[in-house]
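Input: a single structure, listed below in structure tokens.
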Protein chains: 2
Amino acid sequence: MGKDNKVSLTVIRRLPKYHRYLSDLMDRGISRISSQELSVLTGFTASQIRQDLNNFGGFGQQGYGYNVEDLQRELGKILGLDQKYNAVIVGAGNLGQAIANYRGFEDAGFRVLSMFDRNPRVIGLKIRDIEIRDMEHIEDFIKENDVEIGIITTPKESAQQVADIYVKAGVKGIWNFAPTDINVPDDMIIENVRLNESLFILSYFLKAATEK
Amino acid sequence: MGKDNKVSLTVIRRLPKYHRYLSDLMDRGISRISSQELSVLTGFTASQIRQDLNNFGGFGQQGYGYNVEDLQRELGKILGLDQKYNAVIVGAGNLGQAIANYRGFEDAGFRVLSMFDRNPRVIGLKIRDIEIRDMEHIEDFIKENDVEIGIITTPKESAQQVADIYVKAGVKGIWNFAPTDINVPDDMIIENVRLNESLFILSYFLKAATEK
DNA sequence: AAGGGCCTGTGAATAAATTGACATATACTT
DNA sequence: AAGTATATGTCAATTTATTCACAGGCCCTT
């Protein structure tokens with residue numbers, strides 16, 4: 001299914017932005033868009049947009065452009081947003097709670113079933129309807145509830161240990177917020193969120209602007 | 001100061017990772033490292049590491065490698081981590097609180113002076129020693145306290161409005177967590193954190209792995 | 001139903017990023 | 001103190017990404 005040859009990561013990282021703008025256009029009731037118009041919105045060149053989309057199939061029509069709804073749906077499928085994923089969070093601090101609370105993830109098909117922590121003070125608490133459980137029970141929980149995504153929002157010192165547990169329990173992907181690289185088997189899918197690095201980039205440009 | 005020609009964004013985005021690994025090495029008491037060894041740690045090729053570092057000056061020594069402490073300090077300077085920046089947060093929800101609580105930012109020279117929100121229920125509360133104030137006072141506060149960085153952790157609907165306030169009040173850079181693009185003058189520095197997009201990428205690879 | 005204008009898909013050209021290769025300088029051993 | 005091993009800085013080669021350009025198909029008007 002889909003096109004055969006592997007698509008470069010560079011292209012894949014642009015897909016969510018296309019999807020987001022298409023969703024916006026749908027909300028605004030716009031049903032048709034050209035690569036040229038998308039270019040103005042996204043800041044990518046029209047040519048690049050056409051090239052990118054063509055990696056996955058010919059969604060457009062000559063003389064017309066792209067149907068917003070169709071393209072949004074197709075990109076959603078490509079991004080796996082038509083699937084439901086169960087997730088758990090380890091690390092029930094502020095960041096973990098922020099993620100547990102964020103409704104945007106549900107729209108994308110992600111459901112946080114439970115949070116886990118070592119701190120007895122938070123165990124038993126609920127964020128919305130999500131219970132914080134003792135780490136002791138995490139492996140069984142993951143196996144019994146078909147959890148496919150493990151989220152790490154612990155300090156960096158615990159991150160590898162948590163990753164090992166996730167690997168052992170059989171999750172398929174890890175969303176890591178700890179500012180460290182974790183080592184896992186090759187078939188495990190990892191996506192890191194590097195808040196520190198993002199802030200450092202901001203700092204770099206601030207300094208560069210000051211020196212000019 | 002530094003090398004004259006503009007360094008590509010691609011290179012700059014790798015600098016924080018170098019800095020992080022060098023800090024780790026310092027913690028472990030290691031004083032010397034070669035590009036080859038850094039390659040093993042970071043996953044970048046040794047050649048790429050040498051090319052990257054050389055954009056900013058010849059930090060290494062033939063036959064020896066790089067002095068960990070010197071290189072870490074130099075990268076810190078390049079990234080602007082030797083400077084202090086005052087920041088404020090708009091949006092005192094979980095994410096805003098998570099950021100206000102995160103000590104890692106202070107190590108990087110960032111100080112959150114205040115948070116702002118519209119919700120009367122949270123105004124007056126304190127996160128650590130950071131007070132949540134009414135949005136009414138934000139412009140004066142920014143001007144009176146030399147605030148250079150504005151952080152946006154509101155829902156996307158308010159993000160542009162907050163950005164406009166930041167522009168008017170004269171911050172130099174914006175760290176935006178809202179899942180939308182904001183429009184600001186060209187000289188404003190913006191760094192976006194796209195949690196949604198990151199999750200979509202994870203979803204993409206999960207789906208791809210399932211279909212194999 | 002015919003024709004002009006529009007816009008895609010795509011192959012070729014250009015630009016950017018990564019990797020390779022090596023001359024040269026320093027460290028370290030004997 | 002001489003010789004060997006090591007590792008940088010850099011230029012060249014290769015690979016990857018982006019942009020250009022246009023043939024051809026579809027829409028839309030008349």
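Letters go in sequence order (proteins before strands), and every chain restarts at 1.
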Report task. May I ask you to evaluate whether A/Asn54 reaches the phosphate of C/dT8, defined as a side-chain N or O under 4.0 Å from OP1 or OP2? Result -> no

Report task. Verify, without hydrogens or angle tests, whether B/Ser23 (side chain) and B/His19 (backbone) share a donor-acceptor contact under 3.5 angstrom. Result -> yes

Report task. Sequence neighbours left out, what passes ring pair (Phe, Tyr, Trp, His ring centres under 6.0 Å) with B/Tyr85? Give chain and number order. Result -> B/Phe110

**Report entry** Residue pairs involving residues 94-104 of chain B (criterion salt bridge (Lys or Arg N to Asp or Glu O under 4.0 Å); sequence neighbours excluded)
**Finding:** none

Requested in this report: Would you please name every residue forming a side-chain contact (heavy atoms from CB on, under 4.5 Å) with B/Asp117, sequence neighbours left out?
Outcome: B/Ala92, B/Asn119, B/Val122, B/Ile132

Report task. Name all pairs fulfilling the side chain to side chain donor-acceptor pair (under 3.5 Å) condition that reach into residues 141-154 of chain A, sequence neighbours left out, sorted by first residue then second. Result -> A/Glu139-A/Lys143

Requested in this report: Mind checking A/Phe59 for me? I need base, sugar-phosphate or nothing, with any heavy atom below 4.0 Å counting as a touch.
Outcome: sugar-phosphate

Report task. Figure out the CD1/C1' separation between A/Ile49 and C/dC7, and round it to whole Å. Result -> 13 Å

Report task. Using atom CZ of B/Phe56 as one end and atom P of D/dT8 as the other, report the distance to the nearest whole Å. Result -> 18 Å

**Report entry** Any residue meeting ring pair (Phe, Tyr, Trp, His ring centres under 6.0 Å) with B/Phe205, in chain and number order, not counting sequence neighbours
**Finding:** none

Query - Nearest-angstrom distance from the residue atom CG of A/Leu53 to P of C/dT8 - result: 9 Å

Query raised in the report: Under a 4.0 Å heavy-atom cut-off, which of residues 63-74 of chain A touch DNA chain C?
Result: A/Gly63, A/Tyr64, A/Gly65, A/Tyr66

Report summary line: From NZ of A/Lys6 across to P of D/dA17 the rounded distance in Å is 10 Å

Report task. Could you list all the ring-ring contact (aromatic ring centres under 6.0 Å, His included) pairs where at least one residue sits in residues 173-196 of chain A, not counting sequence neighbours? Result -> A/Phe105-A/Trp175, A/Trp175-A/Phe177

Query raised in the report: Whole-Å distance between D/dT16 P and A/Asp52 CG?
Result: 17 Å

**Report entry** Residue mapping more 5' on DNA chain D - nearest nucleotide basis, A/Arg50 or B/Arg50
**Finding:** B/Arg50

Report summary line: Residue set satisfying ring pair (Phe, Tyr, Trp, His ring centres under 6.0 Å) with A/Tyr21, at least two apart, ordered chain then number -> none

Query raised in the report: In chain order, what residues pass the side-chain contact (heavy atoms from CB on, under 4.5 Å) check against A/Ser8, with sequence neighbours excluded?
Result: A/Thr10, A/Val11

Query raised in the report: In residues 26-38 of chain A, which ones come under 4.0 Å of DNA chain D, going by heavy atoms?
Result: A/Arg32

Query raised in the report: Can a donor-acceptor pair under 3.5 Å be found between the side-chain atoms of B/Gln51 and the base atoms of D/dT10?
Result: no

Report summary line: Contacts of A/Tyr18 meeting ring pair (Phe, Tyr, Trp, His ring centres under 6.0 Å) (sequence neighbours excluded), chain-then-number -> A/Phe44

Query - Any donor-acceptor N or O pair under 3.5 Å, side chains A/Asp164, A/Gln160 - result: yes

Query - Contact residues, residues 9-24 of chain A to DNA chain D [heavy atom, < 4.0 Å] - result: A/Thr10, A/Arg14

Report task. Check for a donor-acceptor pair, side chain of A/Arg32 on one end and backbone N or O of A/Tyr64 on the other, with a separation under 3.5 Å. Result -> yes

**Report entry** Which residue lies more 5' along DNA chain C, comparing B/Gln61 with B/Phe44 via nearest heavy atoms
**Finding:** B/Phe44

**Report entry** Below 4.0 Å: OP1/OP2 of C/dG20 and any side-chain N or O of B/Thr45
**Finding:** no

**Report entry** B/Gln48 CD - C/dA21 P separation (whole Å)
**Finding:** 17 Å

Query - OP1 or OP2 of D/dG9 under 4.0 Å from side-chain N/O of B/Gln62 - result: no

